[in-house]
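Before any comments, here is the structure.
Every value quoted in this text rests on a predicted model; they were computed, and no experiment measured them. Only heavy atoms go into these numbers, but all of them, side chains included; no hydrogens, no water, no symmetry mates.
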Amino acid sequence: MPIELNKEARSEAIKSIERYFQENMEERIGNIAAGALLSFFVEEVGPVIYNQAVAEVQERLQVRISELDLEVHEDEFQYWRKHDAQRKGRK
């Protein structure tokens, strides 16, 4: 599954790369070169970040699922216990 940035995010990322080069490198980078560099990193490094995020979400969901029975558990066969307790309370 290829990772793609929407138009606005891609535009902002390219501007950020251009600014980074302007402020931190000896050479400026043009818009086309910044876009190409962004495409390279998204294709090359993007899947690592994506897979790590998916693994973290799976881990969090597993924790939530394991706690689900505690949140929604109902004791079974409680009618007679409640009924007997109410009788004792009336006496």
Side-chain angles (χ1 to χ4, degrees):
M1 171 178 181
I3 298 171
E4 296 181 13
L5 301 175
N6 66 41
K7 188 176 180 177
E8 294 80 24
R10 183 171 175 78
S11 178
E12 287 298 315
I14 290 171
K15 288 177 190 173
S16 181
I17 291 169
E18 290 175 310
R19 182 176 177 185
Y20 180 85
F21 269 76
Q22 181 180 346
E23 293 185 10
N24 296 292
M25 307 302 268
E26 293 180 14
E27 292 183 33
R28 287 181 168 229
I29 189 170
N31 188 280
I32 294 173
L37 184 61
L38 175 62
S39 293
F40 168 76
F41 279 115
V42 167
E43 186 175 341
E44 186 70 9
V45 181
V48 173
I49 297 166
Y50 178 83
N51 291 339
Q52 183 177 343
V54 168
E56 289 177 14
V57 168
Q58 285 177 324
E59 193 175 309
R60 289 180 184 213
L61 285 174
Q62 288 293 0
V63 169
R64 294 282 300 159
I65 289 170
S66 70
E67 294 172 350
L68 188 60
D69 65 331
L70 298 174
E71 291 180 29
V72 297
H73 178 78
E74 283 292 325
D75 291 331
E76 300 168 352
F77 301 106
Q78 294 297 305
Y79 177 83
W80 291 114
R81 289 185 188 136
K82 289 177 186 176
H83 183 71
D84 291 344
Q86 287 174 350
R87 268 203 224 159
K88 288 181 183 177
R90 286 187 220 155
K91 290 183 179 181

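- A search for side chain to side chain contact (heavy atoms under 4.5 Å, CB included) contacts involving Val54 returns Tyr50, Gln58, not counting sequence neighbours.
- Listed by first and then second residue, the side-chain hydrogen bond (donor to acceptor under 3.5 Å, both in side chains) pairs involving residues 6-16 are Arg10-Ser39 (not counting sequence neighbours).
- Screening residues 41-67 for salt bridge (charged side-chain N to carboxylate O under 4.0 Å, His left out), with sequence neighbours left out, gives Arg64-Glu71.
- Closest heavy-atom contact between Ser66 and Asp69: O-OD1, 3.1 Å.
- Every pair passing salt bridge (charged side-chain N to carboxylate O under 4.0 Å, His left out) that includes a residue from residues 17-41 is listed here, sequence neighbours excluded: Arg19-Glu23.
- In this structure, His83 and Trp80 have perpendicular ring planes: the angle between them is above 60°, well past the 30° mark.
- Take His73 and apply the ring pair (Phe, Tyr, Trp, His ring centres under 6.0 Å) test, not counting sequence neighbours, and it matches no residue.
- Looking at Ile17 and Phe41, their side chains never come closer than 4.5 Å, going by heavy atoms from C-beta outward.
- No more than 12 heavy-atom neighbours from other residues, nucleotides or ligands sit within 6.0 angstrom of CD1 on Ile32.
- Here the closest heavy-atom approach between residue Ala34 and residue Ile14 is recorded as CB-CG2, 3.9 Å.
- For Phe77, the ring pair (Phe, Tyr, Trp, His ring centres under 6.0 Å) test picks out no residue, with sequence neighbours left out.
- No path of Ile, Leu, Val, Met, Phe, Trp and Tyr side chains, each step under 4.5 Å between heavy atoms, connects Val63 with Ile65, placing them in separate hydrophobic clusters.
- Counting heavy atoms from C-beta on, the side chains of Leu5 and Leu38 come closer than 4.5 Å.
- Atom CG of Leu37 is separated from atom CZ of Phe21 by 5.5 Å, given to the nearest 0.5 angstrom.
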